[in-house]
Amino acid sequence: MSRAVESDQHVPAPVLAAYSYCETVTGQQARNFAYGIRLLPAPKRRAMSALYALSRRVDDIGDGALAPQVKAERLDDTRKLLARIREGGVAEDDTDPVAVALSHAATHFPIPMGGLDELIDGVLMDVRGETYETWDDLKEYCRCVAGAIGRLSLGVFGTERGALHAERAPEYADTLGLALQLTNILRDVREDAEGGRTYLPAEDLAKFGCAAGFAGSEPPAGSDFAGLVHFEVRRARALFAEGYRLLPLLDRRSGACVAAMAGIYRRLLDRIEREPEAVLRGRVSLPGHEKAYVAVRGLSGLDARNVSRQTVRRRV
C-alpha cells in the first residue's frame, strides 16, 4: 500500500511545476504510456510521470549520438543524481525539475529506486553494443530496461489490502514488463537494425534463417521470417498471460492503467502476428479509437475479472 499522499493544496508550488514539466515530457514522448496513466488519480499520475521523465532521460543518453565513453559518463552522472534523491539531497527549488518531481514522489510512495539503477545497467548494455545468444540472455536485458519499470510502477500503484498472493505482485509486474519489451523489440526490428542493433536471440535468428539481419523492407532471402515472428509472439503471449495475474492485486484505477497500457501492446502483438512483414516496412501502431476501447475495457475491470476467473479455474 502507498503512504498517505498530499492533496494539491499541500504540494509546494515549485514541486507542482516540476511535476507539470514531467507530465509534458510524458505526453509528448510516450503516447501509449501517457494514455494509460491518465486513468490514475492525480498524485499517482504525477509520480508515474516523474518516473517516466527520468527513464526517458536515461534512454535518450543511450540512443543519442554521443561517443560511448561520453554516454557512460552521462549515465554515471545520472546514478549520482539518483543517490542524491535517495539521500534527500534535492531541494524543492533545484534547477532540475525531473529530480525535484522524482524526489517528491519517492518520499510519498514506496518506489524501489534501485530499479532506475537497473535501467541504467540495461542502457549500458546498449552502449556497449551487446547482443544476445539465447532468450535467457535477452531476458536479463529486458528485466533491466522493462521489468524494472514494472516494479518501479508497482511502488506507485501499491496493492489492494487483503489481495491474495500480493507478495507475488513484483514478480508479475516484472514479467509484464518483459512482455511489453519483447513486443517493442518485434515492433522495432527494422528501426533497430538501421541503428546497428540486434535484440532477438541469435539462436532464434539462426533457427529461422534470419542470421543475416534485417537491412531492408523484405525478409532475408530464403528465411522463414513469419515463423520467427510467430515464435516470438508465442513467447510474448506466455509472458502476458503470467504478467496479467498482477491485475486482480491492484485497486480499480491502477488496474485500469496497467490493463490499458498492456492491452495496447497486446493488440500491437495481434497486428504483428497477422502481418509479420509489416514490421520491416515501418512502425506498427494502433489508431486512437482502438486505444480508447482498450482504456474503457481496462476501466471496466473486465481484464482483471477474466484473470481472476482463469486463476480460480486453474485451482479447481
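These figures come from a predicted structure and were not determined experimentally.
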Worked verdict on L176 versus L239 for side chain to side chain contact (heavy atoms under 4.5 Å, CB included): CA-CA 6 Å; L176 194 54; L239 293 168; over 6 Å; no
Hey, does [Y] have a side-chain heavy atom less than 4.5 Å from the side chain of [X]?
{"X": "I149", "Y": "L51", "answer": "no"}
{"X": "L119", "Y": "C144", "answer": "no"}
{"X": "L280", "Y": "P219", "answer": "yes"}
{"X": "P41", "Y": "R253", "answer": "yes"}
{"X": "D121", "Y": "E140", "answer": "no"}
{"X": "I120", "Y": "L82", "answer": "yes"}
{"X": "F157", "Y": "L246", "answer": "no"}
{"X": "S49", "Y": "V25", "answer": "no"}

Heavy atoms only: give me the nearest [X]-[Y] pair and the separation to one decimal.
{"X": "V100", "Y": "A91", "answer": "CG2-O, 3.6 Å"}
{"X": "S223", "Y": "C210", "answer": "CB-SG, 3.7 Å"}
{"X": "I272", "Y": "T183", "answer": "CD1-O, 4.4 Å"}
{"X": "G158", "Y": "L250", "answer": "O-CD2, 3.3 Å"}
{"X": "A148", "Y": "G115", "answer": "CB-O, 3.5 Å"}
{"X": "T134", "Y": "E203", "answer": "CG2-OE1, 3.7 Å"}

Stepwise side chain to side chain contact (heavy atoms under 4.5 Å, CB included) check, K44 with F109: CA-CA 9 Å; K44 290 185 178 183; F109 294 96; 3.9 Å; yes
Between Y244 and Y172, ring centroids under 6.0 Å: no
Y265/F240 aromatic ring centres below 6.0 Å: no
Ring-face cation of R46 near Y19 (centre distance under 6.0 Å, axis angle within 45°): yes
Side chain to side chain donor-acceptor pair (under 3.5 Å) pairs, two or more places apart, involving residues 91-101: R57-D96, R84-D94
Flag the pair [X] and [Y] as a salt bridge only when some basic side-chain nitrogen lies within less than 4.0 angstrom of an acidic carboxylate oxygen.
{"X": "D117", "Y": "R86", "value": "yes"}
{"X": "D63", "Y": "R197", "value": "yes"}
{"X": "K71", "Y": "D76", "value": "no"}
{"X": "D192", "Y": "R187", "value": "no"}
{"X": "E171", "Y": "R245", "value": "no"}

Any chance you could measure [X], atom [atom1], to [Y], atom [atom2], to the nearest 0.5 Å?
{"X": "M48", "Y": "C257", "atom1": "CE", "atom2": "SG", "result": "5.5 Å"}
{"X": "L54", "Y": "L102", "atom1": "CG", "atom2": "CG", "result": "5.0 Å"}
{"X": "T175", "Y": "K139", "atom1": "OG1", "atom2": "NZ", "result": "8.5 Å"}
{"X": "L269", "Y": "N184", "atom1": "CG", "atom2": "CG", "result": "11.0 Å"}

May I ask you to decide if [Y]'s main-chain N or O and [X]'s side chain share a donor-acceptor pair within less than 3.5 Å?
{"X": "T26", "Y": "C22", "value": "yes"}
{"X": "S254", "Y": "D251", "value": "no"}
{"X": "R190", "Y": "V279", "value": "no"}

Atom CD of E167 with >12 non-hydrogen neighbours under 6.0 angstrom: yes
R74 atom CZ: more than 12 heavy-atom contacts under 6.0 Å: no
Stepwise side chain to side chain contact (heavy atoms under 4.5 Å, CB included) test for D60 and Q29: CA-CA 11 Å; D60 285 347; Q29 300 191 38; 4.0 Å; yes
Side chain to side chain contact (heavy atoms under 4.5 Å, CB included) assessment of L75 paired with V58: CA-CA 7 Å; L75 291 170; V58 172; 3.8 Å; yes
R281: partners by side-chain hydrogen bond (donor to acceptor under 3.5 Å, both in side chains), with sequence neighbours left out: E275
Given I185, T131, L182, the one that forms side-chain contact (heavy atoms from CB on, under 4.5 Å) with Y199: I185
Aromatic plane relationship, Y132 with Y141 - under 30° parallel, 30 to 60° tilted, over 60° perpendicular: tilted
Under 3.5 Å, sequence neighbours excluded: what are the donor-acceptor pairs made by side chains of residues 227-238?
residue : atom : partner : partner atom : Å
H230    : ND1  : A226    : O            : 3.3
H230    : NE2  : E273    : O            : 3.0
E232    : OE1  : R235    : NH1          : 3.1
R235    : NH1  : D204    : OD2          : 3.0
R237    : NH1  : D270    : OD1          : 3.2
R237    : NH2  : D270    : OD1          : 2.8
R237    : NH2  : E273    : OE1          : 2.7

